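Read the structure below first, then the notes.
These numbers come from a predicted model, not from an experiment.
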Amino acid sequence: MDKKNFAFDRTNFILLAVSMAVVIIGFILMAGDSSTAENYNPEIFNAMHTKVAPIVCFVGFVSMIYAVVRKPKDKKE
């Protein structure tokens, strides 16, 4: 099988996996205790849930786009 026919190389797949892990970490950071009508939880509005986690997700999505757009280097034979 000729490796020149593949659109992605090993580095692309590694970058995609790392990017997906960063996005998942961002969503985990966004998750928190819920607030109900009986029990109000002001922690849902702290900086980690409203600022840090969306930035982490955004960085993960942008790096995912880079991993897809990145052109593999041709190997000299």
Side-chain angles (χ1 to χ4, degrees):
M1 219 175 195
D2 191 17
K3 288 192 174 194
K4 290 183 181 179
N5 293 334
F6 292 121
F8 290 167
D9 63 352
R10 180 183 170 113
T11 307
N12 288 84
F13 287 116
I14 291 171
L15 288 172
L16 278 171
V18 169
S19 302
M20 182 61 75
V22 169
V23 170
I24 290 170
I25 289 170
F27 279 113
I28 289 171
L29 288 175
M30 265 192 256
D33 295 335
S34 61
S35 233
T36 61
E38 296 83 28
N39 183 18
Y40 175 71
N41 185 4
E43 286 295 313
I44 61 173
F45 298 112
N46 69 5
M48 185 183 68
H49 296 296
T50 60
K51 293 181 180 138
V52 175
I55 291 171
V56 170
C57 286
F58 180 73
V59 168
F61 284 123
V62 169
S63 61
M64 209 178 290
I65 291 170
Y66 170 74
V68 170
V69 174
R70 180 187 169 277
K71 183 178 179 185
K73 298 199 179 354
D74 292 331
K75 290 185 179 180
K76 307 265 181 180
E77 293 183 38

Original post:
If every non-hydrogen atom of Ala67 is compared with every non-hydrogen atom of Leu15, which pair is closest and at what distance?
Top reply: CB-CB, 3.5 Å
Subject >> Between CZ on residue Arg70 and OG on residue Ser63, distance to nearest 0.5 Å >> reply: 13.5 Å
Subject >> Shortest non-hydrogen separation from Leu29 to Ala53 and the atoms involved >> reply: CB-CB, 3.7 Å
**OP:** Kindly state each residue pair satisfying ring pair (Phe, Tyr, Trp, His ring centres under 6.0 Å) with at least one member in residues 10-49, sequence neighbours excluded.
**Re:** Phe8-Phe13
**OP:** Could you state whether Val68 and Met20 fall into the same hydrophobic cluster, counting links through intermediate Ile, Leu, Val, Met, Phe, Trp or Tyr residues with side-chain heavy atoms under 4.5 angstrom apart?
**Re:** yes
Original post:
Of the non-hydrogen atoms in Thr50 and Ile44, which two are nearest, and what is the gap between them?
Top reply: CG2-O, 4.2 Å
**OP:** Starting at SG of Cys57, measure out to CD1 of Ile24 and round the result to the nearest 0.5 Å.
**Re:** 10.0 Å
Original post:
Rounded to the nearest 0.5 Å, how far apart are CD1 of Ile55 and NZ of Lys51?
Top reply: 9.0 Å
**OP:** Look at the side-chain heavy atoms of Ile, Leu, Val, Met, Phe, Trp and Tyr, link any pair under 4.5 Å apart, and say whether Met64 and Ile28 land in one connected group.
**Re:** yes
Original post:
Do you reckon Val22 sits in the same ILVMFWY cluster as Met48, going by side-chain contacts under 4.5 Å, direct or chained?
Top reply: yes
Original post:
How far apart are the closest heavy atoms of Pro72 and Asn12, and which atoms are they?
Top reply: CG-OD1, 3.9 Å
Original post:
Going by heavy atoms in the side chains, are Val56 and Met30 under 4.5 Å from each other?
Top reply: no
